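This report refers to the structure that appears directly beneath it.
Residues take their numbers from the sequence shown, with the count starting at 1. The model shown is predicted, which means the values in this text are computed figures rather than measured ones.
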Amino acid sequence: MTSSIAAGVDGSPAGTAAAHWAAEEAVRRGASLRLVHAWPWLTDGVSSFAEPDDLPEAAQRTLAAAADEIRGRHPGLAVSTDVVLDAPVDGLVAAAATADLLVLGSRGLGGFTGLLLGSVSMAVAGRSSRPVVVVREGRPPGGEVVVGVDAHGPEEEVLAFAFREAALRGARLRAVHGWDLPPLFGYAGGAVPAGETAQLEALEAELLSLALAGQREQHPEVEVVEDVRLGAARGLVETSAGAALVVVGRRRRPIELGPRLGRVAHAALHHAEVPVAVVPHG
């Protein structure tokens, strides 16, 4: 089956940034690019696709302008456009289901200055069956790929995605495992002896090495930095500065329980300054 990348386009600068990031990713992967615009006012309650003559001029102009600009930068890239007749979240989730990757835009300043992610991007990232990348407007790509790793329960789908992205870019991969002191130390009060902290950190580092072993064997060309530090969410955001991409996981949940992002994915989406990929697993 032909590989494809989908990007949500809404005419905003953030949406344009997402479309261009998606185009570059499609070129790297040798994939096609599909630009999607959600138009809920035409929906009959069933997600479907409109015929070109049925679309308002605004929707046509939005897609055509984005497609023309991308074709100008990437002449060999196959670009198609679709208007989804559904509410933005439902329509984009449906579009993601038929793609290898969905790319969305989001305005934001980065750091821990505030909550930066729009409700649509957050909801889609929490529901999509496929990986979703959220791109910040005006944030140029940097060097390494950063992946958050739970060394106590590593997920191969997340690691495989991160290693592949690093390999496609010829970039270094930084694997960040954040850990917390056992509750016992909090109950005891006072400072934790340095020797005990060092022993615990050495154990966490060993677990991280074991978690990465399989993917490192499959991708010997990827340089890997193993980064172990106290605190998962803040550590991942701090190491993301200047990166090309941050990769985090999201556990799939039964539909009746609703979508949910873990605290690390939540923090990365809201506060990381660079594109963030949310990879569903489990």
Side-chain angles (χ1 to χ4, degrees), residues 1-12 14-40 43 45-50 59 62-63 66-67 70 77-106 117-136 155 157-158 160-162 164-165 168 245-255 257-262 265-266 268-269 275-282:
M1 184 173 61
T2 304
S3 178
S4 66
I5 306 295
V9 176
D10 59 4
S12 69
T16 300
H20 284 289
W21 193 97
E24 293 170 0
E25 180 72 8
V27 170
R28 276 191 292 266
R29 294 186 178 207
S32 61
L33 175 64
R34 176 178 167 220
L35 302 179
V36 180
H37 180 72
W39 193 268
T43 183
V46 179
S47 182
S48 56
F49 296 98
T62 295
L63 285 170
I70 287 172
L77 178 62
V79 182
S80 63
T81 60
D82 277 311
V83 171
V84 183
L85 302 184
D86 211 335
V89 173
D90 292 336
L92 290 169
V93 169
T98 59
D100 297 292
L101 181 70
L102 173 67
V103 185
L104 302 175
S106 180
L117 190 68
S119 59
V120 170
S121 297
M122 174 68 97
V124 174
R127 285 178 49 187
S128 173
S129 62
R130 305 296 297 163
V132 174
V133 175
V134 178
V135 177
R136 304 286 188 217
E155 293 297 336
E157 291 171 88
V158 180
F161 183 96
R164 181 186 183 189
E165 288 298 316
L168 285 170
L245 179 68
V246 172
V247 181
V248 294
R250 173 186 66 80
R251 186 172 298 280
R252 292 187 179 95
R253 293 161 58 86
I255 295 176
L257 294 180
R260 182 180 181 274
L261 292 167
H266 188 279
L269 282 169
V276 176
V278 180
V279 181
H281 63 82

Check: Residues two or more places apart in sequence or in another chain: which of them pass side chain to side chain donor-acceptor pair (under 3.5 Å) with T98?
Finding: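 Per chain and number, T98 pairs via side chain to side chain donor-acceptor pair (under 3.5 Å) with R34.
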Is the backbone N or O of [Y] less than 3.5 Å from a side-chain atom of [X], with the two atoms forming a donor-acceptor pair by type?
X: H37; Y: V83; value: no
X: S106; Y: A14; value: no
X: R251; Y: G282; value: no

Which pair of non-hydrogen atoms, one from [X] and one from [Y], has the smallest distance, and what is that distance?
X: R136; Y: A17; answer: O-CB, 4.3 Å
X: A26; Y: S32; answer: CB-O, 4.1 Å
X: S121; Y: V134; answer: CB-CG2, 4.3 Å
X: V84; Y: V36; answer: CG2-CG1, 3.1 Å

Margin query: A23: which residues meet the side-chain contact (heavy atoms from CB on, under 4.5 Å) condition with it, sequence neighbours left out?
Written below: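 Here the qualifying residues are L33, I70, H74, L77.
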Check: For V9, which of T62, T81, L104 qualifies under side-chain contact (heavy atoms from CB on, under 4.5 Å)?
Finding: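 For V9, the side-chain contact (heavy atoms from CB on, under 4.5 Å) test succeeds with only one of T62, T81, L104, which is T62.
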Margin query: If the test is side-chain contact (heavy atoms from CB on, under 4.5 Å), which one of D82, I5, L63 qualifies with L35?
Written below: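 Between L35 and the candidates, side-chain contact (heavy atoms from CB on, under 4.5 Å) is satisfied uniquely by L63.
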Note to self: Tell me every residue that passes salt bridge (charged side-chain N to carboxylate O under 4.0 Å, His left out) with R29, counting only those two or more places apart in sequence or in another chain.
What the structure shows: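 Counting only residues at least two positions away or on another chain, R29 forms a salt bridge (charged side-chain N to carboxylate O under 4.0 Å, His left out) with E25, E165.
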